[in-house]
Amino acid sequence: MKLARLATIVSLGLTLSSAPAFAQNINKRQARQQHRIAEGIENGSLTPRESAQLERQEARIASLEAKDRRSGGGLSPKERAELNRLLNSESHKIYRQKHDNHGK
């Protein structure tokens with residue numbers, strides 16, 4: 001009984017402590033992706049149209065994150081998974097756009 005209670009307390013503590021870390025991960029990923037877009041603009045591998053599309057999607061993701069955080073209690077696991085999926089998708093789009101040779 002005491003072991004089960006201790007395990008519950010430890011797992012709850014780990015869950016709560018990982019929430020701020022995840023928020024930092026989201027912010028770091030968004031900043032890295034913004035930097036990658038800026039590099040593409042600077043080196044000419046992204047056209048103005050491509051960069052505008054990528055920037056709009058980045059703004060949508062940031063807006064969704066803000067909305068999810070305002071809904072109370074931070075991000076739920078489902079919301080975290082959705083944001084992660086969107087960030088992964090956007091990362092792949094950035095890569096494809098930077099390497100499609102339309103900007104050069």
Side-chain angles (χ1 to χ4, degrees):
M1 183 69 166
K2 287 183 181 181
L3 184 59
R5 188 176 297 164
L6 179 61
T8 302
I9 291 170
V10 169
S11 67
L12 179 62
L14 290 173
T15 302
L16 293 175
S17 66
S18 68
F22 185 78
Q24 288 177 340
N25 287 341
I26 288 176
N27 294 335
K28 284 181 183 178
R29 284 189 72 182
Q30 288 172 324
R32 264 194 323 268
Q33 289 183 182
Q34 285 292 320
H35 180 71
R36 290 171 57 208
I37 293 169
E39 282 179 332
I41 294 168
E42 189 176 304
N43 68 23
S45 62
L46 288 174
T47 65
R49 184 175 183 194
E50 290 171 336
S51 59
Q53 288 173 335
L54 293 170
E55 291 287 355
R56 276 194 302 274
Q57 183 59 23
E58 287 289 320
R60 285 186 199 112
I61 293 170
S63 176
L64 177 63
E65 178 194 3
K67 180 183 144 249
D68 289 346
R69 288 187 189 284
R70 282 192 307 269
S71 66
L75 295 173
S76 71
K78 185 177 178 181
E79 291 167 337
R80 278 189 224 120
E82 176 67 9
L83 284 171
N84 195 40
R85 185 189 67 74
L86 290 170
L87 288 167
N88 287 342
S89 175
E90 185 66 7
S91 180
H92 292 294
K93 287 177 188 173
I94 294 169
Y95 178 85
R96 282 194 312 267
Q97 293 294 329
K98 283 180 73 173
H99 293 86
D100 67 1
N101 292 325
H102 285 149
K104 290 187 177 182

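We count residues from 1, following the sequence as given.
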How would you list, by chain and number, every residue that makes a side chain to side chain donor-acceptor pair (under 3.5 Å) with Arg70, sequence neighbours excluded? none
Working to the nearest 0.5 angstrom, can you tell me the gap between Gln97 CD and Thr47 OG1? 7.0 Å
Could you state the interatomic distance from CD1 (Ile26) to CG (Leu83), rounded to the nearest 0.5 Å? 4.5 Å
Rounded distance [0.5 Å steps], CG in Leu64 versus CD in Glu79: 8.0 Å
Quick one: pull up OG in Ser89 and CD1 in Ile94 and give me the separation to the nearest 0.5 Å. 10.0 Å
Using distance alone, with no hydrogens and no angle criterion, decide if Arg36 and Ser91 have a side-chain donor and acceptor under 3.5 Å apart. yes
If you apply the rule side-chain contact (heavy atoms from CB on, under 4.5 Å), what do you find for Lys93 with Gln53, and how did you get there? CA-CA 10 Å; Lys93 287 177 188 173; Gln53 288 173 335; over 6 Å; no
Heavy-atom closest pair, residues Asp100 and Ser45: OD1-O, 4.4 Å
Salt bridge check: are Glu82 and Lys78 linked by an N-O gap of less than 4.0 Å? no
Distance check, rounded to the nearest 0.5 Å: Ile41 atom CD1 versus Leu54 atom CG? 8.5 Å
Quick check for you: to the nearest 0.5 Å, what is the distance between Ile37 atom CD1 and Glu58 atom CD? 4.5 Å
Heavy atoms of Gln30 and Leu87 approach each other most closely as CG-CD2, 3.9 Å
Exercise: do Glu90 and Gln33 side chains pair donor with acceptor under 3.5 Å: no
